[in-house]
Structures are given as C-alpha cells and as structure tokens.
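Only one structure is covered here, and it is reproduced in the block below.
None of the values given here were measured: they were computed from a predicted structure.
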Amino acid sequence: MGKLRIGIIGTGFGTLVQAPAFMLHPECEVVALSGVARAGRARAEADALGIPRAYDNFTTMLAEEELDLVSVVSAPNLHHPMTMAALERRIPVLCEKPMAMDLAKAQAMVDGAERRNLFNAVNFEFRHQPGRTRLKELVAEGFLGDLVHVSLTWTRAGLEQNLARPMGWLWSTHTGGGMLGALGSHMVDTLRWCFGDIRAVSGVLTAHVDVRSGQPADADDTFAFLAKLSGKATGVVQFLSHCQHGFGVRLEAYGTRGTLVLLDDRTLLAGRAGESLAEVPLPARFELPGVVYPGNLDPRTIPMIIMVHNLVCGLRGGPPSPSPEFGTFADGAAVQAVLDAVRQSHREGRWVDVPPA
C-alpha cells in the first residue's frame with residue numbers, strides 16, 4: 001500500500017504547521033502546495049520544505065494532482081468554495097476552522113461530503129492535546145457527576161505585539177476574521193466534545209484595535225459569552241489578547257461529585273467531594289511511539305502530528321488511535337452554529353438559541 005498523497009492549499013499555517021506534521025508521518029507524502037493570493041509564494045515555500053510541485057491556483061492543483069487528501073488552510077471566506085471544488089473532484093478534505101462564513105455554507109459542505117460518501121475532517125487539533133484527552137475521558141467516566149458549570153478562559157500577554165500586528169484577513173469580517181472564529185472555534189469544540197451540546201448563548205465581541213496598517217480593522221480581538229449547556233449546567237467562555245499579562249488557557253469544570261481543572265493543556269487537576277485537588281498523570285498511551293520531534297518544531301505541530309495519525313487511520317478505514325476521534329464536517333457545522341449565535345447575540349443584545357446539531 002503506497003503513501004497517502006497530500007495536497008495543501010495555503011502557505012501560512014499550512015506550511016508552518018500542517019506540512020511538517022504530514023511529512024513526519026511515514027504513511028504520508030505532501031506532493032503539492034498551492035498558494036492563494038501571492039504569486040510565487042507557493043514555489044518558494046515548497047522548495048524550502050522539499051515539496052515537489054507548487055501552484056499559484058488551487059483549481060489547477062486539484063485538476064492536475066491525484067490526491068488522497070487535500071487540506072484547505074486559507075482564509076475562512078474561501079473554505080466553502082475550495083472545499084466544494086475538491087468534493088466535486090471526489091477528493092477527501094481536511095478543512096481549517098472556522099469551517100465557513102456561516103452555518104448555511106458549513107451545512108452545504110457537510111451535505112457535499114455525505115452525498116459523495118467522502119472522508120471529511122475539520123482541524124480541531126486541540127482535541128489531541130493529552131490534557132484535554134484525559135479530561136474528556138474522566139468526564140465520560142462520570143468523575144464530575146452531574147455537570148454544574150464550566151469556565152474556559154484564554155488570556156494572552158503582549159499588548160504591544162497585538163497593536164503592531166499588520167492588517168490581514170484575520171482582522172476583517174469580510175474575510176471571516178476575528179478571534180471568535182480563529183480561537184473561539186477551538187474553545188467551542190472543546191465544550192461540545194467534552195460536555196455536550198450548547199443550547200443557547202449570550203455574547204459580546206470587541207475590536208480594541210480598529211485600525212491596522214492604516215486600514216480599518218473591524219473583526220473582534222476579544223470576546224466573551226455565557227452558555228446554557230445540558231440540564232441546568234452553565235458555562236462561560238472568554239478570550240483576551242489586548243492586555244499586559246496573560247495566564248494561558250484555563251478550563252474549570254464543576255460537578256456534583258467532583259472538580260476538574262486543566263492548565264495550559266499540560267497540568268490536569270482533579271478532586272472528588274471532600275478531597276483536595278491533585279495532579280492527574282497523563283498516560284503515555286497518548287503519545288506516538290517512534291516519532292522524533294525536530295528541535296525547531298512549532299509547538300502547535302505536536303497535537304497536529306497526533307491528529308494526522310488519526311486521519312491516516314480514518315483514510316485507511318481503521319479506528320483512530322491513540323487518542324480520540326478527529327472532528328468531522330458535522331462537528332465543524334455544529335461549532336459554526338454556536339459562533340453564528342454568539343455573533344447574533346452581540347448584534348441584537350439578547351440570548352440566542354443554538355440550532356440542535
């Protein structure tokens with residue numbers, strides 16, 4: 001059985017994180033790279049990584065290459081047309097998050113893949129951080145009892161760096177920018193994956209920096225929302241980068257029988273009723289044996305490597321291992337429904353129900 005032939009659309013995150021992760025897997029070969037906006041960029045990036053073929057137009061790549069998987073790593077406003085073009089050629093797709101500009105486009109992607117019975121996935125690679133994986137297992141085992149409340153907070157230091165970041169797709173709502181989609185999508189997926197569906201939200205989006213490189217920037221750089229979960233459970237999700245001091249990612253889950261706290265995906269604390277919180281060891285089974293991580297590897301690539309292993313299992317027709325399943329298009333659409341509801345809540349100043357997944 002030959003190696004899986006991978007094509008990547010996008011020369012940012014696609015070449016910094018995704019390409020190295022695929023290239024470290026013995027059953028994958030990145031055979032082609034397509035740029036999106038800047039002519040010649042793909043050729044330069046492909047040469048640097050040792051990818052044999054490069055294109056300035058993704059449609060040409062899809063037409064000329066025999067691919068087992070294409071990864072769409074472009075701005076969110078391009079996810080739908082690029083994904084649909086690949087599906088029409090019956091090519092399985094890994095799509096970056098947020099999945100689309102709105103739920104209607106995300107659902108069209110789900111339908112397109114299901115109608116053709118094609119493998120599909122959304123890049124929720126944070127699922128494969130060992131700390132989140134173990135927390136998910138403990139929740140499923142009933143450690144918390146009945147869920148009472150979840151708090152998921154992400155704060156980043158570096159106000160000056162935030163102010164200096166140039167204008168790009170990330171800061172324009174026209175191209176699907178904003179931190180709610182870029183990082184809030186991961187946070188929403190974690191809540192859904194670990195604790196079940198989000199039924200309603202009330203949120204606020206803020207753009208503290210509204211001009212970048214002399215151009216108006218209207219996408220959010222800060223967000224917060226309240227959530228109604230299953231039963232009487234509640235949740236709060238917030239992200240802040242416009243500050244001087246940050247404390248990383250902190251997830252707190254409170255239940256009738258116990259408490260779980262995850263700090264920066266590295267330290268998991270747990271305690272049952274009457275006990276103090278104590279650190280929970282993360283099992284070695286979450287690591288991939290035999291993988292040698294280069295010293296200059298972007299840290300975001302590490303969970304991506306585990307996800308690539310699970311993608312290979314899925315493409316080969318086997319169960320995911322060693323960590324839980326990757327997110328599918330259906331998961332991406334369910335997250336999109338929450339993002340849409342948060343934006344609607346911000347516009348209208350009220351609670352908004354989330355359509356059931």
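Taking hydrophobic clusters as Ile, Leu, Val, Met, Phe, Trp and Tyr residues chained together by side-chain heavy-atom distances below 4.5 Å, Val73 does not share a cluster with Val335. Leu311 and Val31 fall into different hydrophobic clusters, where Ile, Leu, Val, Met, Phe, Trp and Tyr are joined by side-chain heavy atoms under 4.5 Å apart, directly or via other members. Under the 4.5 Å side-chain heavy-atom criterion for Ile, Leu, Val, Met, Phe, Trp and Tyr, Met307 and Phe126 are members of distinct hydrophobic clusters.
With Leu251 as reference, Leu135 is the one residue of Leu135, Val261, Thr153 to meet the side-chain contact (heavy atoms from CB on, under 4.5 Å) rule.
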For this session: Would you please test Thr222 and His242 for side-chain hydrogen bond (donor to acceptor under 3.5 Å, both in side chains) and show each step?
Result: CA-CA 7 Å; Thr222 299; His242 198 77; over 6 Å; no
For this session: Step by step, work out the side chain to side chain contact (heavy atoms under 4.5 Å, CB included) result for Phe58 and Val70.
Result: CA-CA 10 Å; Phe58 77 94; Val70 63; over 6 Å; no
For this session: Could you walk me through whether Gln107 and Asp111 pass the side-chain hydrogen bond (donor to acceptor under 3.5 Å, both in side chains) test, one step at a time?
Result: CA-CA 6 Å; Gln107 190 58 53; Asp111 295 342; 3.0 Å; yes
Exercise. Does the side chain to side chain contact (heavy atoms under 4.5 Å, CB included) test come out yes or no for Thr301 and Asp298, once each step is laid out?
Worked result: CA-CA 6 Å; Thr301 308; Asp298 187 299; 3.7 Å; yes
For this session: Could you go through the side-chain hydrogen bond (donor to acceptor under 3.5 Å, both in side chains) check for Glu45 and Thr11 one step at a time?
Result: CA-CA 7 Å; Glu45 295 282 356; Thr11 55; 5.5 Å; no
For this session: Give the intermediate values and the outcome of salt bridge (Lys or Arg N to Asp or Glu O under 4.0 Å) for residues Arg134 and Glu141.
Result: CA-CA 11 Å; Arg134 185 62 182 133; Glu141 292 166 6; 3.6 Å; yes
Problem set entry | Verdict with reasoning, Glu27 to Arg316, per side chain to side chain contact (heavy atoms under 4.5 Å, CB included) | CA-CA 10 Å; Glu27 295 186 44; Arg316 296 294 197 199; 3.1 Å; yes
Problem set entry | Phe124/Thr190 under side chain to side chain contact (heavy atoms under 4.5 Å, CB included): CA gap, chis, key distance, verdict | CA-CA 9 Å; Phe124 292 132; Thr190 294; over 6 Å; no
Quiz: residues 349-356 side-chain donor-acceptor pairs under 3.5 angstrom, not counting sequence neighbours:
residue: Arg350; atom: NE; partner: Glu348; partner atom: OE1; Å: 2.7
residue: Arg350; atom: NH2; partner: Glu348; partner atom: OE1; Å: 2.8

Side-chain polar contacts of residues 174-187 - donor-acceptor pairs under 3.5 angstrom, sequence neighbours left out - could you list them?
residue: Thr175; atom: OG1; partner: Trp169; partner atom: O; Å: 2.8
residue: Thr175; atom: OG1; partner: Ser172; partner atom: O; Å: 3.2
residue: Ser185; atom: OG; partner: Gly181; partner atom: O; Å: 2.5

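In this structure, the side chain of Thr256 engages the main chain of Asp146 through a donor-acceptor pair within 3.5 Å. Remark: side-chain polar atoms of Arg116 are paired, donor with acceptor, to backbone N or O of Gly112 under 3.5 angstrom. Using a distance-only test at 3.5 Å, with no hydrogens or angles considered, no donor-acceptor pair links the side chain of Arg156 to the main chain of Gly246. His149 places a side-chain N or O within 3.5 Å of a backbone atom of Thr234 that can act as its donor or acceptor partner. Side-chain atoms of Lys232 never come within 3.5 Å of backbone atoms of Val148 as a donor-acceptor pair (strictly under, hydrogens ignored). Checked by atom type and distance alone, the side chain of Asp221 pairs as donor or acceptor with a backbone atom of Val209 at under 3.5 Å. With Asn77 contributing its side chain and Met101 its backbone, the two residues share no donor-acceptor pair below 3.5 Å. Within the 3.5 Å criterion, the main-chain N or O of Ala46 finds no donor-acceptor partner in the side chain of Arg53. For Asn120 (side chain) and Val93 (main-chain N/O), no donor-acceptor pair under 3.5 Å exists by modelled atom type.
Thr59 contributes atom OG1, which lies 11.5 Å from atom CD of Glu88 (distance to the nearest 0.5 angstrom). To the nearest 0.5 Å, atom CE of residue Met167 and atom CZ of residue Arg212 are 8.5 Å apart. With values rounded to the nearest 0.5 angstrom, Ile9 atom CD1 is found 7.5 Å from Thr83 atom OG1. Atom CD1 of residue Ile6 and atom CG of residue Leu33 lie 13.0 Å apart, to the nearest 0.5 angstrom. Taking CG from Asp220 and CH2 from Trp171, the interatomic distance works out to 8.5 Å, rounded to the nearest 0.5 Å. Distance CG/Leu282 to CD/Gln129: 10.5 Å, rounded to 0.5 Å.
In this structure, the side chains of Phe195 and Val139 come closer than 4.5 Å at one or more pairs of heavy atoms. Looking only at side-chain heavy atoms (C-beta outward), Phe22 and Leu69 come within less than 4.5 Å of each other. Side-chain contact check for Ser34 versus Asn57: every heavy-atom pair is 4.5 Å or farther apart. Leu269 places none of its side-chain heavy atoms less than 4.5 Å from the side chain of Val280. Side-chain contact between Phe13 and Asn123: present, with at least one pair of heavy atoms (C-beta onward) separated by less than 4.5 Å. Counting heavy atoms from C-beta outward, Leu152 and Leu191 have side chains that approach closer than 4.5 Å. Within the 4.5 Å cutoff, the side chain of Glu65 has no heavy atoms near those of the Arg5 side chain. You'll find the side chain of Val308 reaches within 4.5 Å of the side chain of Cys28, heavy atoms only.
A donor-acceptor contact under 3.5 angstrom links the side chains of Asp218 and Thr173, judged on distance only. There is a side-chain donor-acceptor pair under 3.5 Å between Gln336 and Asp340. One side chain, Gln18 or Glu96, offers a donor N or O that lies under 3.5 Å from an acceptor on the other.
Every pair passing ring-ring contact (aromatic ring centres under 6.0 Å, His included) that includes a residue from residues 72-121 is listed here, sequence neighbours excluded: Phe119-Phe326.
Contact record, Ala19 with Val30: O-CG2, 4.1 Å, taken as the closest heavy-atom pair. Minimum heavy-atom separation, Ala333 to Val110: CB-CG2, 3.9 Å. Between Ser345 and Ser202, the closest heavy-atom pair is OG-CA, 3.2 Å. Taking both residues in full, the closest heavy atoms of Ala100 and Lys105 are given as CB-CB, 3.9 Å, listed atom of the first, atom of the second, then distance. Closest heavy-atom contact between His128 and Pro303: CB-O, 3.7 Å. The two atoms that bring Ala270 and Leu260 nearest to each other are CB-CD2, 3.5 Å, heavy atoms only.
The environment of Glu66 atom CD is sparse: at most 12 non-hydrogen atoms of other residues, nucleotides or ligands sit within 6.0 angstrom.
A salt bridge is absent between Glu137 and Arg132: the closest approach of a Lys/Arg side-chain nitrogen to an acidic carboxylate oxygen does not fall below 4.0 angstrom. Salt bridge Asp331/Arg127: present, at least one basic N to carboxylate O contact under 4.0 Å.
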